[in-house]
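Letters A, B, ... mirror the listed sequences (proteins, then strands); counts begin at 1.
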There are 2 protein chains.
Amino acid sequence: MAATIKDIARVAGVSTATVSRVINNLGGYNEETEKKVMAVAKALGYRKNENARSLVQKSTNTIGVIMPDVTTAFYGDIIKGIEDTSYEHGYSVILTHAGSHGSRIHESMNLMGERRVDGLIIVSVELHETAIEALTSLGIPFILLSTKTNREDTPYIKVDDYSAAYTAVKYLIDNNHRSIGMAGANPDDSIAGSPRINGYTQALLDHGIKVDLNLIKPGGFSFESGKTAMQAFIEDEASITAVFCASDEVALGIMSTCFENEISVPNDISVVGYDNSKVSHMSIPPLTTVAQPLYEMGREGCLEVIAAIQNKCKIESKVIPHELVVRKSVKKLT
Amino acid sequence: MAATIKDIARVAGVSTATVSRVINNLGGYNEETEKKVMAVAKALGYRKNENARSLVQKSTNTIGVIMPDVTTAFYGDIIKGIEDTSYEHGYSVILTHAGSHGSRIHESMNLMGERRVDGLIIVSVELHETAIEALTSLGIPFILLSTKTNREDTPYIKVDDYSAAYTAVKYLIDNNHRSIGMAGANPDDSIAGSPRINGYTQALLDHGIKVDLNLIKPGGFSFESGKTAMQAFIEDEASITAVFCASDEVALGIMSTCFENEISVPNDISVVGYDNSKVSHMSIPPLTTVAQPLYEMGREGCLEVIAAIQNKCKIESKVIPHELVVRKSVKKLT
DNA sequence: TTGTATGCGTTATCAG
DNA sequence: CTGATAACGCATACAA
């Protein structure tokens, strides 16, 4: 049994109120009692019970984080931003997976509610109407990272996927590529799928290039998805000179299959990724990619939530700028 | 203000005791009151307060996880194993970073203590005497993952780094490599550094190969560390035909620098990694590496901790088997 | 400067 | 089957 303030009070011969005061150094007691209480506390190995505190203070100093997964570099960077920031501000983070397709999202939010987290950060999960209801009914500040909803009252931080995709494809076009494939986006994903596809097609159209639907290989953001897409391009005998990928891992999948088939990147085919996650500079060749400031998104989102908790102010949605990081996976055609 | 069982009791015209009973369906009440209580609970949007529960039950159903970082695939896989498992068993996970060199380890453990986590999992941080004291004084079940101490009373799950390294280097020797470099291990790291170096040197010695200290490039487990090491090999004009790396990321760093210098892997130089993390099959060429069952370590460790929480049994240390995953980064010399 | 008393939301032990 | 009531560990308004 861990010691409580009662134990300290008894041993030190003071009241629990006094103990509480010196433990939280609120001042208003003389030095002697302070010394005595602190000494007893140390002797007894006292450690405050945050849960009991939370109960009376009606605040847990805890931030909940819900994300689909943590095994990709993408999420790793974000959670690091969140954890670092919350730590700096005296908050703990409690983490839960939403399941692969947000399947556990309701249970996750419920759990966060029962734990009475002070704020909530939801990363990359697409929220449907019932989930949004449940979320807002929690009555705590929250923010969405790298995702959004079609409602006004759900603040988010994300890049503009449409224009980020547009930037990437335009870069390819500027390098004289005319036959450009796209891989790894799910058209049914209205947050991060279709906007990227639309950015891709619009860039093509704006430069007088006909869109060939066969050149769009839908899929998930995974490495395997990239491999599959490239295999399809090969089977199609598609005459593409470049591929725009919906994630860095997809890009690596493309490059991996190219390698297996002795197709050289970027000599035979150019590749552009998306995310600028840690893997992008580790690939061979290093990957040219659209950067999302992942760590900063985590940090920024966490900061916003904390501010909202403390000042009870509203959180504004924010579209953050993307940036093209040019490395070595794109060849300039002549 | 969230509704409490008091509110429900008042509205439903029963006592809080009864409400509590039906909420936790403990039985011993008639159907009518159950229906009534449930209806009121739903109407009021009641959500139980886990903190209050924890207080009286003296158990938080929470597991703490401390790791140096979450941005590498290595930790991602482990935490996923932990989170999945704890979720299945009704536990929440609260996560904190220990800081780069375990610098925040004391604060982290203290935080976990104050949160009254029921069990603790510490991943990959080297624990010194004072930290061990603090850890055991928490008085809760804990386990170390991928690390250990020199004391008997600190259970762990890890692979045998020495023999894993030995296996990797022996594989290289079996493929007729005789001049083998090593990169990315820190000799001052007695857990994951020196054992791997020792495994490397012993494999060499056992096969009549002289150990050349110039061929051992110490460093961290990072990509950059691998790049630096390979640059050093090049500057040394070392006549190596293979490099054993202390992590997959180091291996990718080696391969990256090779690429920049037009050294072909595996034709000019063979590379073996360590971890079998997600990046190892995404590299070009796919990386031959020593596999640690990361997800399973997370799962297994979590299971042990939960068992210890519930049955108050001791946790046994466990050395789990490693395995060489052969892919395409090693060339068989003739 | 210090102590008393009360309550936070819940469970659990009694009686009834 | 149900209801008082006392904890749980702590903070705090109010008294002294």
Side-chain angles (χ1 to χ4, degrees), chain A residues 1-38 40-41 44-62 90 110-111 113-118 138-140, chain B residues 1-38 40-41 44-62 90 113-118 138-140:
Chain A
M1 285 305 123
T4 72
I5 56 170
K6 271 186 192 167
D7 299 320
I8 300 179
R10 191 165 28 77
V11 175
V14 298
S15 75
T16 59
T18 299
V19 176
S20 177
R21 286 186 193 103
V22 351
I23 294 289
N24 298 306
N25 55 59
L26 299 180
Y29 38 75
N30 69 37
E31 246 181 73
E32 272 182 51
T33 48
E34 174 175 5
K35 287 225 167 81
K36 190 166 50 179
V37 168
M38 289 306 266
V40 175
L44 263 42
Y46 173 77
R47 174 174 287 124
K48 68 182 164 204
N49 185 327
E50 268 299 338
N51 289 310
R53 278 189 120 217
S54 299
L55 192 56
V56 27
Q57 296 192 152
K58 292 173 170 310
S59 131
T60 55
N61 285 308
T62 283
N110 195 41
L111 182 151
E114 295 181 351
R115 296 272 174 207
R116 295 295 193 272
V117 294
D118 291 340
L138 249 34
I140 56 172
Chain B
M1 281 302 127
T4 72
I5 56 170
K6 274 186 189 168
D7 300 320
I8 300 179
R10 189 164 28 76
V11 176
V14 296
S15 74
T16 59
T18 299
V19 175
S20 177
R21 286 187 193 103
V22 351
I23 293 289
N24 298 302
N25 55 62
L26 299 179
Y29 39 75
N30 70 37
E31 246 178 72
E32 271 182 52
T33 47
E34 173 175 4
K35 287 224 169 80
K36 190 167 49 182
V37 169
M38 290 306 266
V40 175
L44 262 44
Y46 173 76
R47 177 173 284 124
K48 67 183 165 201
N49 185 326
E50 270 296 341
N51 290 310
R53 288 190 105 208
S54 299
L55 189 58
V56 26
Q57 294 191 152
K58 293 176 171 306
S59 131
T60 55
N61 286 309
T62 283
E114 295 181 351
R115 295 274 174 205
R116 295 295 193 271
V117 296
D118 291 340
L138 248 34
I140 56 171

* Which residues share a side-chain hydrogen bond (donor to acceptor under 3.5 Å, both in side chains) with A:Gln57, sequence neighbours left out -> none
* Asked: Does OP1 or OP2 of D:dC10 have a side-chain N or O of A:Arg53 closer than 4.0 Å?
  -> no
* What pairs with B:Arg115 under side-chain hydrogen bond (donor to acceptor under 3.5 Å, both in side chains), at least two apart in sequence or on another chain? -> A:Thr62, A:Ser92
* Provide, to the nearest angstrom, the distance between the CG atom belonging to A:Asn51 and the P atom belonging to D:dA11. => 12 Å
* Asked: OP1 or OP2 of C:dT11 less than 4.0 angstrom from a side-chain nitrogen or oxygen of B:Ser20, does that happen here?
  -> yes
* Within less than 4.0 Å of OP1 or OP2 of C:dG3, is there a side-chain N or O belonging to A:Thr18? -> yes
* Could you tell me the separation between the CZ atom of A:Arg115 and the P atom of C:dG9, rounded to a whole number of Å? => 17 Å
Polar atom pairs (N or O), protein with nucleotides 6-8 of chain C, under 3.5 Å:
from: C:dC8; atom 1: OP2; to: B:Lys6; atom 2: NZ; distance (Å): 3.3
from: C:dC8; atom 1: O3'; to: A:Lys58; atom 2: NZ; distance (Å): 3.1

* To do: Before giving the answer on side chain to side chain contact (heavy atoms under 4.5 Å, CB included), spell out for A:Asn49 and B:Leu55 the whole-Å C-alpha distance, their side-chain angles and the decisive distance to 0.1 Å.
  => CA-CA 9 Å; A:Asn49 185 327; B:Leu55 189 58; 4.3 Å; yes
* What is the distance, rounded to the nearest whole Å, between atom NZ of A:Lys48 and atom C1' of D:dG9? -> 13 Å
* Roughly how far, to the nearest 0.5 Å, is CG of B:Asn51 from OG of A:Ser59? -> 10.0 Å
* Looking at every strand, decide which applies to A:Val14 at a 4.0 Å heavy-atom threshold: base, sugar-phosphate, or nothing. => sugar-phosphate
* Asked: Looking at D:dG3, does its base get a donor-acceptor pair with the side chain of B:Arg21 below 3.5 Å?
  -> yes
* To do: Starting from P on D:dG9, measure out to CG on A:Asp7 and report it in whole angstrom.
  => 8 Å
* Asked: Could you state the CG-C1' distance from B:Asn61 to C:dT11, rounded to the nearest angstrom?
  -> 14 Å
* Rounded distance in Å - CD1 (A:Ile5) to P (D:dA11) -> 6 Å
* Test item: A:Asn24 and A:Arg53 side chains (from C-beta on) under 4.5 Å apart, heavy atoms -> yes
* Structure fact -> Here the salt bridge (charged side-chain N to carboxylate O under 4.0 Å, His left out) pairs for residues 8-21 of chain B, sequence neighbours left out, are B:Asp7-B:Arg10
* **For B:Ser54, all residues meeting side-chain hydrogen bond (donor to acceptor under 3.5 Å, both in side chains), sequence neighbours excluded** => none
* Report the residues that fulfil side-chain hydrogen bond (donor to acceptor under 3.5 Å, both in side chains) with B:Thr33, sequence neighbours left out, ordered by chain and then residue number. => B:Asn30
* Choose from D:dC10, C:dA12, D:dT12 the nucleotide whose nearest atom is closest to any side-chain atom of B:Ala17. => C:dA12
* Asked: Among all residues two or more places apart in sequence or in another chain, which pass the side-chain contact (heavy atoms from CB on, under 4.5 Å) test with A:Arg47?
  -> B:Asn110, B:Glu114, B:Arg116, B:Leu138
* Taking side chain as C-beta onward, heavy atoms only, is A:Tyr46 less than 4.5 Å from A:Ile23? -> yes
* **End axis versus end axis in the helix from C:dT1-D:dA16 to C:dG16-D:dC1, the angle rounded to 10°, five pairs used at each terminus** => 40°
* **Whole-Å gap separating C1' (D:dG9) and CZ (A:Arg10)** => 14 Å
* Heavy-atom contacts under 4.0 Å between residues 22-36 of chain A and DNA chain C, which residues? -> A:Gly28, A:Tyr29, A:Asn30, A:Thr33
* Structure fact -> The side-chain contact (heavy atoms from CB on, under 4.5 Å) partners of A:Lys35 (sequence neighbours excluded) come to A:Glu31
* Asked: For A:Ser15 and C:dT4, is the shortest distance between a side-chain N/O and OP1 or OP2 below 4.0 Å?
  -> no
* Looking at residues at least two apart in the chain, or sitting in another chain, which of them share a side-chain contact (heavy atoms from CB on, under 4.5 Å) with A:Val40? -> A:Ile8, A:Val11, A:Ala12, A:Leu44
